[in-house]
Amino acid sequence: CVSEDATSQANPIPKSQAEIMATASTPKIITLEEGWNEEIKKKAIDVLEDMLDNGLQEGKQNMFAAKEYVQIYTTCYDMCTQRSPYNWSRDLYQRHGETIENYLVKTVRPALQDKVGQGGTILLTELQYRWSNHQIMNKWLKKFFTYLDRYYVKHHSLPTLNQAGLKHFKTQIYDEMKPETTKAILKLIDDEREGEIIDKTLVKSIVELYEAMGMSSLDAYTVDLEVPLLNSTREYYVKKRDEWIVQDSTPDYLIKTEKALGDEKTRVADYLNSASETKIQRVLEEELLEKVQMQLLEKEGSGCRVLLANDKFEDLRRMFNLFSRLEKGLPPLADMVEKFITSMGNEIIDKRKARLETEKDKNDDPKFVKALIELHEKYLGVIKSEFSGHSLFQKALKDAFQEIVNKNVGQFTNAELMSTFCDRVLKSGGEKLSEQEVEQNLERIVQLFSYLTDKDLFAEIYRNQLAKRLLNQRSASDDAEKTMISKLKMQCGTHFTSKMEGMLADLAIGSDQKTEFDAKLEQSNTKLDFSVQVLTTGFWPTYKSPEVVLPENMSTCMGIFKEWHDNKHAKRKLSWIHSLGNANVRGTFGKKSYDMQVTTLQAVALNALGGGKSLTFTELAEKLNLEESVLKPLMHSLSCGKYKVITKTPASNKINTTDSFKANAKFSSNMRKLRIPMASLDASHNTKRVEEDRTIAIEAAIVRIMKARKTLQHQQLIAEVLSQLAFFKPNPRAIKKRIEALIDREYLERAKDNTNQYNYLA
């Protein structure tokens with residue numbers, strides 16, 4: 001205790017120093033009015049407002065130097081960190097808002113109101129200037145009062161200083177002025193639509209102001225600008241539509257519409273919010289396209305039909321592109337395309353009908369088939385390029401051609417005309433085409449074939465014609481034949497082409513066996529050059545097979561072949577079809593010799609009349625064992641055709657049973673090699689066989705469906721049968737007839753309580 005006193009006495013503290021220490025440890029309290037009026041308002045707010053109104057003083061680089069800013073910030077900091085009741089955070093937050101509000105009400109709003117009525121650009125320029133100033137003011141006040149944002153605002157869940165500043169601007173300026181500014185923006189947009197040059201940067205900055213007023217959402221922009229803009233846009237384009245639809249053709253109208261849509265898209269990109277693009281585009285689509293679609297499509301002299309007729313492909317593409325923007329824009333267009341193509345097809349059919357009134361009908365009408373191919377090729381191209389291959393237009397083409405291709409005129413069906421066209425393309429001596437042209441023609445005819453209802457009839461006729469080409473060695477190219485069969489196979493499946501493929505396989509096997517048999521024939525020392533083509537019965541059409549009496553040397557060769565074949569294929573039965581055979585016969589008339597290419601039956605007849613013999617029709621029939629129906633066309637080919645190597649008495653172009661025949665000693669020709677054709681003994685196709693195959697197919701479909709479903713109503717069964725039959729479309733009556741037949745054969749039964757319902761009998 002003593003020592004402590006001693007220490008105290010040794011180090012006395014002067015009174016004045018103690019007072020100084022006490023003063024330093026107790027900070028000076030800043031009153032609200034003192035801090036606000038002397039520091040914040042005087043040195044910051046008044047200076048800031050003056051600079052916003054009058055600009056920076058000359059020579060001054062920044063609004064506030066670092067030292068000035070720190071001093072003001074420190075004052076605000078101190079006022080907010082003093083202990084209660086001297087903590088002025090709440091008061092400063094309130095005065096921050098009042099400062100902004102007072103400036104907006106007393107300075108900004110009057111300045112804007114003065115500009116109303118002076119023109120949209122002047123008003124918007126002033127608003128842009130005042131909005132830019134407000135953002136500067138907001139930024140600096142936020143800097144000065146940063147401590148408020150960090151603590152007071154956060155702890156009391158109040159709007160940030162920035163948000164508060166925006167809200168004051170929205171309430172005092174935006175809400176008051178938006179009717180006038182929106183009107184000004186819409187006026188400028190309309191001016192630009194009319195071709196005037198506007199200040200896009202100005203409009204863009206005002207649009208950004210509208211976006212900012214949504215406080216992180218687009219609500220203000222949507223309600224205050226977008227909705228009026230959409231209404232204004234609609235009004236503008238309604239007037240334009242009413243003008244254009246009267247004065248412009250459809251292509252010109254669509255060009256203007258396309259430009260308008262492009263302009264509006266650019267306009268959005270230039271200064272509007274991207275969210276508005278689809279809405280504005282929709283307004284234009286409704287007013288310029290949807291409401292006048294049928295008027296445009298049907299417009300006299302320039303509608304869709306006229307564009308198609310005049311090959312206005314660019315206009316058609318534009319029409320498709322514009323109407324594809326509408327939800328239901330394409331079906332009416334596709335419907336018109338279908339009707340147009342159908343009408344074009346009907347014109348081709350009518351031309352054929354008119355031609356048949358002056359010409360004899362034949363199963364060969366390449367002009368008609370080529371016209372259909374060209375029509376299809378043209379509009380297939382139009383649909384691919386101008387209509388982008390859209391499924392609706394593909395269906396329109398399909399429906400149109402299904403109607404055209406299945407409309408038969410004259411004695412021969414379109415199936416037969418198309419098959420004969422293929423025959424012309426594929427046989428030697430027919431159409432003179434390159435390999436590429438053959439491939440192209442086959443591809444196009446198969447496209448037409450796909451629309452045929454009677455595909456089975458086409459197959460029957462095609463198979464008969466294929467058989468003739470193959471057996472008479474008239475096929476121009478094996479590769480082309482295989483190509484055509486593969487195309488049909490892709491279109492209809494393996495079942496459709498299996499017999500045709502079997503025919504080609506027979507010939508391939510036959511060429512291998514020929515070499516083997518030729519070696520056997522050489523050992524027999526026959527004088528004839530003899531070969532045989534073996535065919536599989538199921539693959540080939542059925543042919544008349546007259547039992548003609550052959551010359552001895554022919555019979556000998558046949559016997560040798562039969563012996564060789566039976567040894568090689570013991571279980572196979574051979575049937576000879578002489579009507580399909582051919583021969584090379586040398587004939588001497590006077591001093592000249594000719595090599596004649598003839599059928600086997602013609603060769604036998606020529607042999608019978610050799611050596612100057614004269615025979616009556618009856619004698620020839622007995623000698624050759626041929627019926628009248630066979631001998632008449634046979635003798636007609638030799639005595640009434642181009643090369644009359646046989647003379648008949650009496651002379652005429654018709655064969656009678658009272659005629660007599662002998663070799664024509666006076667026959668002469670400039671050609672040494674002669675091909676003497678003979679009319680076929682068989683029809684081009686067997687209609688009865690086609691009907692039988694259809695009957696089997698219908699019954700098979702009925703049984704297949706009923707086996708799976710067990711019980712079905714009549715109409716349901718008819719519909720399902722029609723959907724399953726791919727190669728022909730039977731009449732519902734024919735299906736009903738087959739149902740009755742199956743009921744008789746106890747495959748089906750009628751329900752006891754409902755005669756329209758069928759049950760399957762296992």
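Sequence positions, counted from 1, serve as the residue numbers for this chain. As the structure is a computational prediction, the values presented were derived from the model and not from experiment. What's counted below: heavy atoms across the whole structure, side chains too, no hydrogens, waters or symmetry copies.
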Under 3.5 Å, side chain of [X] to main-chain N/O of [Y], donor-acceptor pair present?
X: Tyr221; Y: Asn273; answer: yes
X: Ser132; Y: Gln128; answer: no
X: Asn138; Y: Asn162; answer: yes
X: Lys736; Y: His714; answer: no
X: Asn321; Y: Arg317; answer: yes
X: Arg318; Y: Ile255; answer: no
X: Thr171; Y: His168; answer: no

Less than 4.0 angstrom from a charged side-chain N to a carboxylate O is my criterion; do [X] and [Y] meet it?
X: Glu286; Y: Arg282; result: yes
X: Asp361; Y: Arg352; result: yes
X: Glu264; Y: Arg267; result: yes
X: Arg694; Y: Asp454; result: yes

Would you say that [X] contacts [Y] through its side chain, given a criterion of any heavy-atom pair below 4.5 Å between the two side chains?
X: Leu296; Y: Ile245; answer: yes
X: Thr453; Y: Gln402; answer: no
X: Lys367; Y: Arg355; answer: yes
X: Trp131; Y: Phe169; answer: yes
X: Asp311; Y: Lys378; answer: yes

*asked:* Does either side chain, that of Gln295 or that of Tyr253, offer a donor lying less than 3.5 Å from an acceptor on the other one?
replied: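 Absent: no donor and acceptor within the cut-off.
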*Between Ser249 and Asp252, a side-chain donor and acceptor under 3.5 Å*: yes
*Start with the C-alpha distance between Met177 and Leu123, add both sets of side-chain angles, then the distance that settles side chain to side chain contact (heavy atoms under 4.5 Å, CB included), and finish with yes or no.*
CA-CA 10 Å; Met177 299 304 300; Leu123 175 62; 4.1 Å; yes
*Applying the side-chain contact (heavy atoms from CB on, under 4.5 Å) test to Asp364, which of Leu417, Asp423, Thr420, Val369 qualifies?*
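Of the listed options, the one satisfying the test is Thr420.
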*Apply side-chain hydrogen bond (donor to acceptor under 3.5 Å, both in side chains) to Thr233 and Arg193, showing your working.*
CA-CA 10 Å; Thr233 302; Arg193 285 171 178 155; 2.8 Å; yes
*OG1-CG distance between Thr257 and Leu284, expressed to the nearest 0.5 angstrom*: 8.0 Å
_From Lys279 atom NZ to Leu272 atom CG, the distance as rounded to the nearest 0.5 Å_ =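 Result: 12.0 Å between the selected atoms.
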Taking salt bridge (Lys or Arg N to Asp or Glu O under 4.0 Å) as the test, write out the residues that go with [X], two or more places apart.
X: Lys312; value: none
X: Asp191; value: Lys187
X: Glu443; value: Lys487

*Walk me through it: do Phe320 and Phe393 pass the test ring pair (Phe, Tyr, Trp, His ring centres under 6.0 Å)?*
CA-CA 10 Å; Phe320 169 78; Phe393 293 87; 5.6 Å; yes
*Could you point out which residue of Glu290, Glu287, Glu285 forms a salt bridge (charged side-chain N to carboxylate O under 4.0 Å, His left out) with Arg241?*
Glu287
*Can you list every pair that meets salt bridge (charged side-chain N to carboxylate O under 4.0 Å, His left out) and has a residue in residues 712-732, with sequence neighbours left out?*
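Qualifying pairs: Arg709-Glu720.
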*Quick one: salt bridge (charged side-chain N to carboxylate O under 4.0 Å, His left out) pairs with a partner in residues 162-183, sequence neighbours left out?*
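Qualifying pairs, neighbours excluded: Lys170-Asp175, Asp175-Lys178, Lys178-Asp224.
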*Taking only residues two or more places apart in sequence, or in another chain, which ones meet Lys353 in a side-chain contact (heavy atoms from CB on, under 4.5 Å)?*
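For Lys353, the residues satisfying side-chain contact (heavy atoms from CB on, under 4.5 Å) (neighbours in sequence not counted) are Asp350, Val409.
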*Could you check Tyr451, Phe496, Phe449 and say which one makes a ring-ring contact (aromatic ring centres under 6.0 Å, His included) with Phe458?*
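Of Tyr451, Phe496, Phe449, ring-ring contact (aromatic ring centres under 6.0 Å, His included) with Phe458 is met by Phe449 alone.
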*For Pro730 and Leu725, which heavy atoms make the closest approach, and how far apart are they?*
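In terms of heavy atoms, the two residues are closest at CG-CD1, 3.5 Å.
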_Passing option when Asp270 is tested against Lys204, Lys200, Lys265 for side chain to side chain donor-acceptor pair (under 3.5 Å)_ = Lys200
